[in-house]
Amino acid sequence: MTEPAATTAPRFRRLLVTGGAGFIGSCFVRDRLARRDGTTITVLDKLTYAGNPANLAPVEADPEQATRLRFVVGDIADAAVVAPLMTDIDAIVNFAAESHVDRSILDPEAFLRTDVMGVHVLLEAARAEKDRAARGERATAPRFLQVSTDEVYGSVDTGESHEEDPLDPRSPYSAAKAAGELFVHSYFVTYGLDTVVTRGSNTYGPYHHPEKLIPLFITNAIEDQQLPLYGDGLQRRDWLYVADHAGAIDHVLEHGVSGEIYNVPGNNERANRETVSDLLDLLGKPWSLVRLVDDRPGHDRRYAMDDSKLTGLGWANKMRFEDGLSATVDWYLENREWWRSIKSGEWDDYYRRQYGDRLAGSREAMTEAPEAAAKAKP
Ligand code: NAD
Ligand code: DAU
């Protein structure tokens, strides 16, 4: 990846980035530090199954960047860990979350703990810093950016979701994310905390944990293993390249209006079958690897968001979907050690639990894709 050119000094230079060892958080950290604009970052990450210090290896390999990164292993729901990390930062960017819908169906409580209780602990620590600022013990209160998701709108049959639309989360994951961001907004209204919220769409790219659709199917296909496609595979997702998602979050951090929410769509809406067909073509693997399996309970059929508020703030995504998918496939082909070490140990238990019965009762996916149906917009 080419290094972004150094830009003018950012408004927020000392950052607390929670979940910075995960997929999107680590991209944010890598890209921000590579700008060499004087930013210093403290990453707070619990290193759950989804957190991986190797995602920050490019930073550690660069002595100048490494001096501007501090890594703390800890839980955002632990007030004793969080409070001291807030005393000398300008902003907190909260990526930390349990983020996988399927896992939220297997174990909802972990989602309540991190995505709701953890957010509350972070908010309380930020509020304490605001109080310190009011007493003149620090110059300004920290800004709080909450990374949320398009899933809070629920399944959208037609049209696009706007920021003021009512929320209709339908999985334990999206319910927890909705609760988390509502707490954030309540701290803006009630305590005057400087908050901004982003709602991103389905993100893909390098360093994506191989239990999510695109990396799971790429890595399974590389090893000629079956690809478990849920239901009819005609669910629609709007794909956003990870560097664009991280860049949009950075842009909202710098320019977002306090108390506001910003959709971050990819504007690449596709049926899952189309996405799978494209990545099999890139890998030169046959459609016969695809198996239709029992659907995800409560599976949201479609997400789509309006982007006018974010574009009005001056942000535009850079990556075309075709180029992003191709770069992603190449990355997984070139970084087999990274994903093979994740797909070992506890992975087998998870995979059996999630897919064992499903694959045993799976059906042939028949044709490559009913193209007309897949491409037709609902
Ligand atoms: P991820 O699962 O890859 O990373 C989450 C990170 O948070 C991991 O490093 C994990 O160790 C850490 N973490 C989990 N619980 C923690 C806790 N209690 N304390 C501290 N750290 C903890 O997730 P991601 O895909 O990078 O998503 C990041 C954020 O973006 C999440 O808030 C998610 O809801 C949101 N989001 C993701 C997508 C997507 O498509 N991946 C889209 C929109 C929004
Ligand atoms: O929309 C944003 C959300 O995107 C984020 O908030 C979540 O953190 C992120 O995990 C993602 O959620 P999804 O549930 O959409 O992503 P996932 O990769 O799990 O699934 C994408 C689609 O592919 C979805 O329709 C379910 C389907 N799928 C997924 C898996 C893992 C399959 O058909 N088979 C699978 O094995």
Side-chain angles (χ1 to χ4, degrees), residues 50 98-111 115 149-159 161 167-178 201-204 208-221 225-239 266 268-280 285-305 347-378:
E98 290 290 342
S99 73
H100 191 181
V101 175
D102 288 329
R103 285 190 186 249
S104 82
I105 295 167
L106 297 172
D107 175 17
E109 198 182 326
F111 288 72
D115 301 8
T149 169
D150 60 2
E151 301 208 8
V152 297
Y153 293 115
S155 197
V156 184
D157 289 344
T158 53
S161 303
L167 305 187
D168 184 22
R170 291 157 28 94
S171 71
Y173 163 69
S174 53
K177 290 297 291 185
S201 66
N202 273 74
T203 306
Y204 72 100
H208 201 184
H209 192 283
E211 69 182 14
K212 305 280 179 78
L213 177 78
I214 287 183
L216 177 70
F217 279 28
I218 293 173
T219 56
N220 276 12
Q225 288 175 18
Q226 296 179 322
L227 313 181
L229 190 61
Y230 295 159
D232 59 9
L234 293 177
Q235 306 83 6
R236 303 184 74 82
R237 293 292 184 268
D238 171 26
W239 294 101
N268 293 299
E269 185 190 332
R270 298 169 150 248
N272 289 342
R273 272 179 181 261
E274 285 179 87
T275 304
V276 172
S277 174
D278 286 353
L279 63 87
L280 285 172
K285 295 287 182 174
W287 180 258
S288 56
L289 288 175
V290 179
R291 303 291 301 177
L292 291 185
V293 300
D294 282 354
D295 208 349
R296 170 186 282 174
H299 199 166
D300 286 342
R301 197 72 179 162
R302 174 177 178 262
Y303 306 122
M305 292 186 290
W347 172 268
D348 289 343
D349 276 350
Y350 167 75
Y351 203 77
R352 215 171 298 116
R353 227 173 135 203
Q354 182 62 22
Y355 296 108
D357 289 346
R358 276 191 163 113
L359 280 170
S362 67
R363 306 173 303 287
E364 218 179 304
M366 299 301 292
T367 56
E368 189 160 301
E371 287 297 331
K375 289 201 166 114
K377 293 222 172 187

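Because only heavy atoms are used, hydrogens play no part in the values below, and waters and symmetry mates are left out as well, while side chains stay in. Keep in mind that what you see is a predicted model, and the values were worked out from it rather than measured.
Checked against side-chain hydrogen bond (donor to acceptor under 3.5 Å, both in side chains), S161 has no partners two or more places apart in sequence or in another chain. Judged as a side-chain hydrogen bond (donor to acceptor under 3.5 Å, both in side chains), and not counting sequence neighbours, the contacts of R170 are D300. Not counting sequence neighbours, the partners of P108 by the side-chain contact (heavy atoms from CB on, under 4.5 Å) test are P172. Residues satisfying the salt bridge (charged side-chain N to carboxylate O under 4.0 Å, His left out) criterion with D348, sequence neighbours excluded, are absent altogether. Applying the salt bridge (charged side-chain N to carboxylate O under 4.0 Å, His left out) rule to D232 yields the partners R301; only residues at least two apart in sequence or on another chain are considered. Annotation: side-chain contact (heavy atoms from CB on, under 4.5 Å) contacts of L216 (sequence neighbours excluded): N220, P228, K343, W347, Y351, Y355. For A176, the side-chain contact (heavy atoms from CB on, under 4.5 Å) criterion is met by F111, D115, V116, not counting sequence neighbours. Residues passing the salt bridge (charged side-chain N to carboxylate O under 4.0 Å, His left out) test with K212, sequence neighbours excluded: none. Residues passing the side-chain contact (heavy atoms from CB on, under 4.5 Å) test with D357, sequence neighbours excluded: none. Listed by chain and residue number, nothing satisfies the salt bridge (charged side-chain N to carboxylate O under 4.0 Å, His left out) test with R358 (two or more places apart in sequence, or in another chain). Under the side-chain hydrogen bond (donor to acceptor under 3.5 Å, both in side chains) criterion, E151 pairs with Y303, sequence neighbours left out. With sequence neighbours excluded, no residue forms a side-chain hydrogen bond (donor to acceptor under 3.5 Å, both in side chains) with S104.
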**Prompt:** For L280 and V290, what are the C-alpha separation, side-chain angles and deciding distance, and is it a side-chain contact (heavy atoms from CB on, under 4.5 Å)?
**Reply:** CA-CA 10 Å; L280 285 172; V290 179; 3.8 Å; yes
**Request:** Show the numbers, then the answer: is there a side-chain contact (heavy atoms from CB on, under 4.5 Å) between L213 and R237?
**Result:** CA-CA 11 Å; L213 177 78; R237 293 292 184 268; over 6 Å; no
**Request:** Could you check E211 against Q354 for side-chain contact (heavy atoms from CB on, under 4.5 Å), going step by step and ending with a plain yes or no?
**Result:** CA-CA 10 Å; E211 69 182 14; Q354 182 62 22; over 6 Å; no
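Under the 4.5 Å side-chain criterion, counting only non-hydrogen atoms from C-beta, L229 is in contact with F217. D278 is listed as a side-chain neighbour of R270, based on a closest heavy-atom distance under 4.5 Å.
Between the side chain of R291 and the backbone N or O of Q226, no donor-acceptor pair lies under 3.5 Å. Panel note: side chain N272, backbone L234; no donor-acceptor pair is recorded below 3.5 Å. With hydrogens and angles ignored, the 3.5 Å screen pairs no side-chain donor or acceptor of S171 with any backbone N or O of V101. A donor-acceptor pair under 3.5 Å links the side-chain atoms of Q235 to the main chain of Y230, judged by distance alone.
Other residues, nucleotides and ligands contribute at most 12 non-hydrogen atoms within 6.0 Å of the CD atom of E109.
The minimum heavy-atom distance between L227 and V276, with the atom names listed, is CD1-CG1, 4.4 Å. When all heavy atoms of S201 and G266 are compared, the pair lying nearest together is OG-N, 3.2 Å. When all heavy atoms of L167 and P169 are compared, the closest pair comes out as C-CD, 3.6 Å.
To the nearest 0.5 Å, atom CG of residue D150 and atom CE of residue M305 are 4.5 Å apart. Separating the OG1 atom in T219 from the NE2 atom in H208 is a distance of 11.0 Å, to the nearest 0.5 Å. In this structure, the separation between CZ on R302 and OG1 on T158 is 7.0 Å, given to the nearest 0.5 Å. L359 contributes atom CG, which lies 12.5 Å from atom CZ of R352 (distance to the nearest 0.5 angstrom).
The aromatic rings of W239 and Y204 sit perpendicular to each other, their planes meeting at more than 60°, with 30° as the lower class boundary.
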